[in-house]
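First comes the structure, then the notes that go with it.
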Amino acid sequence: MKNAEIIWKITHGMYVLTTQNGGCVVDAVSQVSGGDNPLISVAVMKKNRTNELMKQNETFALSVMGTNVNPQIIRTFGFSSSRDTDKFAQTDTTEVCGVKTINGTMGYMICEKVDSIENDTHTLFIGKVIEGNLISDEEPMSYGYYRAHKDELMKVKTQNGETAWVCSVCGYVYYGEKLPQDYKCPVCGVDRTRFNKR
C-alpha cells in the first residue's frame, strides 16, 4: 500500500462498546439495516478481552462519544485491558436492559447479538437495536477528529506544587515524591517503569 493513512479517511465515529464485565473503545461501527429495530455491526479486535466477552454475552451497548467527552473515558476504555482492570469501577454508568452504558456520552444503543463473522484480525458482531436514547445533541466525535486531537485529548493535568507520576499508557496520575518499587498502574496494570515524573 503506497500510503496506509488513506484508511484513516474512512468516516466513522468513536464509541464505547460495553457488555457484561468489560468493554473498549471502538470506531468500526455501522448501521446495516433500517426499520424499528435496525441492525448495527461492530468490529472488535480478536486479541481484546472485549472480543471474548462479546462471544460470552448476548447483549451489548454502544455509547456514542461527542467531541466534549471526558478524556478519562477514552483513557479507561481505550488504553487498558478488561483482563486486569475493572473499567466500570472508575466510570459513571447507567444500566439499561442489563448492560452498563457510559454516562457523559451523547447517548446509547442497546443491541441483542444476532450474528458474528470472523476474519483475520477482528470479529464482526451484528446486533439488533432493542433500546436507544439520545441524551445530548452535541457534535459526535469522528475517528478523524480523534486522530487530529489525540494529543490534546490525552493531555494530563496535574496539581501544581505536587510531584506527579503519570502513566504513559493510560494517563493515570499517582501523587507522591517516590513511586513504590512494586507499583502497578491501577487502571491499565503496567509497572512503574512506564510512569513519567512531572
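In this chain, numbering begins with 1 at the start of the sequence shown.
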Could you pull out the closest heavy-atom pair between [X] and [Y], with the gap in Å?
X      : Y     : result
Pro38  : Gly35 : CD-O, 3.4 Å
Thr105 : Val64 : CB-O, 3.2 Å
Glu138 : Asn68 : OE1-N, 3.2 Å
Val29  : Val26 : CG2-CG2, 3.9 Å
Gln90  : Thr76 : NE2-CG2, 3.4 Å
Thr18  : Val99 : O-CG1, 3.6 Å

Are [Y] and [X] connected into the same hydrophobic cluster when the rule is that any two of I, L, V, M, F, W, Y join if their side-chain heavy atoms are below 4.5 Å apart?
X      : Y     : answer
Phe88  : Val25 : yes
Leu53  : Val42 : no
Tyr143 : Val16 : yes

Backbone N or O of [Y] within a donor-acceptor pair of the [X] side chain at under 3.5 Å?
X      : Y      : answer
Trp165 : Tyr175 : no
Asn70  : Gln72  : yes
Ser63  : Ile102 : yes
His122 : Ala43  : no
Lys87  : Ser81  : no
Arg192 : Asp182 : no
Asn119 : Thr121 : yes
Thr101 : Thr93  : no

Side chains of [X] and [Y], donor plus acceptor under 3.5 Å:
X      : Y      : answer
Thr50  : Asn48  : no
Glu177 : Thr163 : yes
Asn51  : Lys47  : no

From [atom1] ([X]) to [atom2] ([Y]), nearest 0.5 Å:
X      : Y     : atom1 : atom2 : answer
Glu112 : Cys97 : CD    : SG    : 10.0 Å
Gln20  : Ser82 : CD    : OG    : 11.5 Å
Ile110 : Phe60 : CD1   : CZ    : 9.5 Å
Ser116 : Lys55 : OG    : NZ    : 7.0 Å
Thr91  : Arg75 : OG1   : CZ    : 12.0 Å
Thr85  : Phe77 : OG1   : CZ    : 10.5 Å

Tyr145: what forms a ring-ring contact (aromatic ring centres under 6.0 Å, His included) with it, not counting sequence neighbours?
->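 If we apply the ring-ring contact (aromatic ring centres under 6.0 Å, His included) test to Tyr145, skipping adjacent residues, the hits are His149.
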Results of ring-ring contact (aromatic ring centres under 6.0 Å, His included) for Tyr183 - residues two or more places apart only |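 ring-ring contact (aromatic ring centres under 6.0 Å, His included) list for Tyr183, sorted by chain: Tyr174, Phe195.
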From CA spacing to verdict: side-chain contact (heavy atoms from CB on, under 4.5 Å), Arg83, Glu52 = CA-CA 10 Å; Arg83 284 187 180 87; Glu52 299 169 23; 2.8 Å; yes
Test item: [X] and [Y] side chains (from C-beta on) under 4.5 Å apart, heavy atoms:
X      : Y      : result
Glu118 : Lys46  : yes
Tyr15  : Met65  : no
Ile74  : Met141 : yes
Tyr108 : Leu62  : no
Pro140 : Met106 : yes

Worked verdict on Val44 versus Thr123 for side-chain contact (heavy atoms from CB on, under 4.5 Å) = CA-CA 5 Å; Val44 185; Thr123 304; 5.5 Å; no
Exceeds 12 heavy-atom contacts within 6.0 angstrom, atom CG of Asp92 =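 At most 12 heavy atoms, drawn from other residues, nucleotides or ligands, come within 6.0 Å of this atom.
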Linking Ile, Leu, Val, Met, Phe, Trp and Tyr by side-chain heavy atoms under 4.5 Å, what else ends up with Val114?
->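 Other cluster members: Val32, Leu39, Ile117, Leu124, Ile126.
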